[in-house]
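Just below is one structure, and these are the notes that go with it.
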Amino acid sequence: MLPIYLAPLQGYTDVIYRQNHAKYVGGIKKYYSPFVRVEKGEAKDRDLWDVKPENNLGYEFVPQIIFNGIEEFNILVDALEKQGHKEIDLNMGCPYPMQTGHGRGSGILPHADIVEEIAKRINSLSEIRFSVKMRLGLENPEESQKILPILNDTHLTHITIHPRLGKQQYKGALDGEGFQKFYEECKHPIVFNGDVLSARRIKELETKYPKLAGVMIGRGILTIPTMAVEYENGETWNTAQRNKVVWQLHQGIYQQSKEILQDGNQMLNRMRCFWEYQTETLPSKFLKQIAKCKSFANYESLIPELVSFFKDF
């Protein structure tokens, strides 16, 4: 049975989501944070708060960083090392132009010289374990093939591959041929990521790629929070079983958002993010009402109706 990892999604898999998913759902081997970034020459305070070890107790947790070169890499690694982290994931896969346009995420993949400089630094840091989450390239899959010899000589625990190009973002088909080539030639354990939307898909990957070291799931878990548990137990849950857990997860996130977040807009956005992927759980009338909310007070006025809908599960 493959270990299941929660993929980092900016704005969705924050500490509030991770804590409550671990508490009410589980089935995840390790939770990965959305990326920590550099802002005005320093690691961003809000990002650092999200990855504080004391905020991530009760589950295995790995912070992720995004960078455009050795200077940002060093700033971020130093900040996380000071927090006490011993394992860091490197974001070389983010597809969004806001990051790739500055050479971060998958925008770093065409630059073998920068990757090599980072690799040398990693090999000099014996106290920290590193992993990489990446795409097959930004513009073409040859980019990953060009840096693969560098990665093969780098001290890494594993590489997570999303078999698309950065320019595709989340559109278009996965590149099975490109993944197969990387999978065969990579010397590190490989974790699969991308369009894993059911427990059955995990089983298919387990059979097709016997050397896989795990599967990392983001949007699939946000849509079906119980997917890892269903895979682990070898059974598909019915709607009532899933909805009961979804409501428990909602209640935990809802209460914690009110305790932690600083203003109504942040709380409203947090709840909107939660429901965004629950299109198969909530009737469309609820989703439309949530989308129309202009304040957190508006959202709270919907709670009695939501309670009534979920009370039978």
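- Between Asp195 and Arg164, at least one side-chain N (NZ, or NE/NH1/NH2) sits under 4.0 Å from a carboxylate O, which counts as a salt bridge.
- Counting non-hydrogen atoms of neighbouring residues, nucleotides and ligands closer than 6.0 angstrom, the CD atom of Gln255 exceeds 12 such neighbours.
- Annotation for Glu185: atom CD counts as buried by contact number, over 12 foreign heavy atoms lying within 6.0 Å.
- Of the possible donor and acceptor atoms, one in the side chain of Gln168 sits under 3.5 Å from a partner among the backbone N and O of Leu165.
- More than 12 heavy-atom neighbours from other residues, nucleotides or ligands sit within 6.0 angstrom of CE on Met1.
- Among residues two or more places apart in sequence or in another chain, the salt bridge (charged side-chain N to carboxylate O under 4.0 Å, His left out) test is passed with Glu177 by none.
- One finds no salt bridge joining Glu117 and Lys120 here, because no Lys/Arg side-chain nitrogen approaches an Asp/Glu carboxylate oxygen to under 4.0 Å.
- A 6.0 Å sphere centred on NZ of Lys44 holds more than 12 heavy atoms belonging to other residues, nucleotides or ligands.
- Under the 6.0 Å cut-off for aromatic ring centres, Phe179 and Phe192 qualify, their centroids lying closer than that.
- Ion pair Glu206/Lys203 flagged as a salt bridge, since at least one NZ, NE, NH1 or NH2 atom sits closer than 4.0 Å to an Asp/Glu carboxylate oxygen.
- Rounding to the nearest 0.5 angstrom, the gap separating the CE atom in Met134 from the CG atom in Leu90 is 11.0 Å.
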Let me see the working for Trp237 and Ile224 under side-chain contact (heavy atoms from CB on, under 4.5 Å), right down to the final yes or no. CA-CA 10 Å; Trp237 288 19; Ile224 307 176; over 6 Å; no
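- The environment of Asp263 atom CG is dense: over 12 non-hydrogen atoms of other residues, nucleotides or ligands sit within 6.0 angstrom.
- Between His158 and Tyr32, the ring planes lie perpendicular to each other; the angle is over 60°, past the 30° to 60° tilted range.
- Within a 6.0 Å radius of CD in Glu71, other residues, nucleotides and ligands contribute 12 heavy atoms or fewer.
- Within a 6.0 Å radius of CD in Gln262, no more than 12 heavy atoms belonging to other residues, nucleotides or ligands are found.
- For Lys294, the NZ atom counts as loosely surrounded, since its 6.0 Å shell holds 12 or fewer non-hydrogen atoms of other residues, nucleotides or ligands.
- The two residues Arg270 and Ser257 make their nearest non-hydrogen contact at CG-OG, 3.3 Å.
- The aromatic rings of Tyr170 and Tyr96 sit tilted, their planes meeting at an angle between 30° and 60°.
- Put simply, the side chain of Lys30 reaches to within 4.5 Å of the side chain of Glu87, judged on heavy atoms.
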